[in-house]
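For the single chain, residues carry numbers from 1 onward in sequence order.
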Amino acid sequence: MATCLRLPMASSIPCSSSSSMPLKHRSFNIRCAANSSKIPMPPINPKDPFLSKLASVAANNPDALFSRPQNSDMPPFLDIYDSPKLMATPAQVERSVSYNEHRPRRPPPDLPSLLLHGRIIYIGMPLVPAVTELVIAELMYLQWMDPKEPIYLYINSTGTTRDDGETVGMESEGFAIYDAMMQLKNEIHTVAVGAAIGQACLLLAAGSKGKRFMMPHSKAMIQQPRAPSSGLMAASDVFIRAKEVIINRDTLVKLLAKHTDNSEETVANAMRRPFYMDSTRAKEFGVIDKILWRGQEQIMADVAAPDVWDKNAGIRVADAI
């Protein structure tokens, strides 16, 4: 920059000691002559618009460079431009072609809406009223969209209780989703991912026959409904609540027996205490129809029996030695 300033001014303002030249110009030329022999200057880039503009101002109007206010808020020499711009504004950058190339034209929808577009409903929370409202609305919407295409219900829920057994919702929440499923004309494919406990296990078993699945490391559990905290209720109110819990238990036993092809006595005996099932045990109990192994069933079928494996490996039984 100093070179750019020094060269144009040398042609317009000769370095002399004439008294007609202002003192500040003479001192500037003396400093230029003294510094030019000591400090090597970089080559000038003629395509640099900033330096070209600055050199033009220095050649035509040097007072614009030396008669500057001392406390200027603007960076040095930028006030010589009519409308200085350091860089493109964020709005200009956002409207550039490269920035917009892969951006969506509209704001993306929320995750449940994206899953709903693929006819997938995901229950990933305990069955509280807000979850029940959303699931039933999605079921009705998908049937309205297409009454023939299947609906995929993914379940990872502890039902109307938390995993530690504390009640968070009424049993009617699970029954409401169950009744909505039974009213639909669509096939409902149920898939357990993680856990299906209590009322969530009923929803898993209520899927279309042959279309009830479970991930290999998921768990299912059936248990008796639990009475909410009675607090400071009167004895008669506690008795009424206890009767309602027993009615809900009997209803749950009948529905599970219907969908698992077991007798009500078998289901009731299993529900006396929390009855946990891995994917294999859930299939044997009738809660699901198939485990989603992604080809591992065929791999396990091709595995040789233990005695054949030992024989091929050259291992002999100790009794035969």
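Other cluster members for Ile246: none, since no ILVMFWY side-chain heavy atom sits under 4.5 Å from it. By the 4.5 Å side-chain criterion applied to Ile, Leu, Val, Met, Phe, Trp and Tyr, Phe239 is assigned to no cluster and stands alone.
Residue pairs that meet the salt bridge (charged side-chain N to carboxylate O under 4.0 Å, His left out) test with at least one member in residues 195-220, sequence neighbours left out, are Lys209-Asp261, Arg212-Asp289. Among pairs with a residue in residues 115-138, none fulfils ring-ring contact (aromatic ring centres under 6.0 Å, His included), at least two apart in sequence or across chains. Residue pairs satisfying the salt bridge (charged side-chain N to carboxylate O under 4.0 Å, His left out) criterion with at least one member in residues 126-136, sequence neighbours excluded, are absent. Within the structure, no pair that satisfies the salt bridge (charged side-chain N to carboxylate O under 4.0 Å, His left out) test touches residues 194-205, not counting sequence neighbours.
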Could you check Leu139 against Ile151 for side chain to side chain contact (heavy atoms under 4.5 Å, CB included), going step by step and ending with a plain yes or no? CA-CA 8 Å; Leu139 288 171; Ile151 298 173; 4.2 Å; yes
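Considering all non-hydrogen atoms of both residues, Met125 and Ser157 come closest at O-OG, 2.7 Å. The two residues Val253 and Glu264 have their closest heavy-atom pair at CG1-O, 3.5 Å. Nearest heavy-atom pair across Arg119 and Pro150 is NE-O, 2.9 Å. Residues Ala282 and Met214 come closest through the heavy atom pair CB-SD, 3.7 Å. The minimum heavy-atom distance linking Met271 with Gln223 is given by the pair CE-O, 3.2 Å. Of all the heavy atoms in Ala176 and Thr132, the pair that sits closest is CB-CG2, 4.0 Å.
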Taking only distance into account, with no hydrogens and no angle test, what donor-acceptor pairs under 3.5 Å do side-chain atoms of residues 180-202 form with protein atoms, sequence neighbours excluded?
unit_1, atom_1, unit_2, atom_2, d
Asn186, ND2, Asp146, O, 2.7
Asn186, ND2, Pro147, O, 3.4
Asn186, ND2, Glu149, O, 2.7
Glu187, OE1, His189, NE2, 3.2
Thr190, OG1, Leu204, O, 2.8
Gln199, NE2, Glu171, OE1, 2.5

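For Tyr152, there are no side-chain hydrogen bond (donor to acceptor under 3.5 Å, both in side chains) partners, not counting sequence neighbours. Listed by chain and number, the residues in a ring pair (Phe, Tyr, Trp, His ring centres under 6.0 Å) with Phe213 amount to none (sequence neighbours excluded). The side-chain hydrogen bond (donor to acceptor under 3.5 Å, both in side chains) test applied to Thr158 returns no partner, not counting sequence neighbours. By the ring pair (Phe, Tyr, Trp, His ring centres under 6.0 Å) test, Tyr154 is found to be paired with no residue, residues two or more places apart in sequence or in another chain being considered. Applying the side-chain hydrogen bond (donor to acceptor under 3.5 Å, both in side chains) rule to Ser263 yields the partners Thr266; only residues at least two apart in sequence or on another chain are considered.
There is a path of hydrophobic side-chain contacts, each under 4.5 Å, that joins Ile291 to Ile155.
Looking only at distances, no side-chain donor or acceptor of Thr160 sits under 3.5 Å from a matching main-chain atom of Leu127. Checking side-chain atoms of Thr167 against main-chain N and O of Gly169 turns up no donor-acceptor pair under 3.5 Å.
For the pair Leu114 and Leu116, the minimum side-chain heavy-atom distance is 4.5 Å or more. When side chains are defined from C-beta on, Glu173 does not count as touching Tyr178, because their heavy atoms never get closer than 4.5 Å. Side-chain contact between Thr161 and Val168: absent, with no pair of heavy atoms (C-beta onward) separated by less than 4.5 Å.
Looking only at atom types and distance, the side chain of Asp278 has no donor-acceptor partner in the side chain of Thr280 under 3.5 Å away.
In this structure, Phe285 and Phe275 have tilted ring planes: the angle between them lies in the 30° to 60° band.
For the atom pair CE of Met277 and CD1 of Ile288, the computed distance is 9.0 Å after rounding to the nearest 0.5 Å. Remark: Ser208 OG to His259 NE2 distance equals 10.5 Å, nearest 0.5 Å. Note that CG of Leu255 and OG1 of Thr260 are 10.5 Å apart. Values are rounded to the nearest 0.5 Å. For the atom pair CG of Leu115 and CD1 of Ile121, the computed distance is 10.0 Å after rounding to the nearest 0.5 Å.
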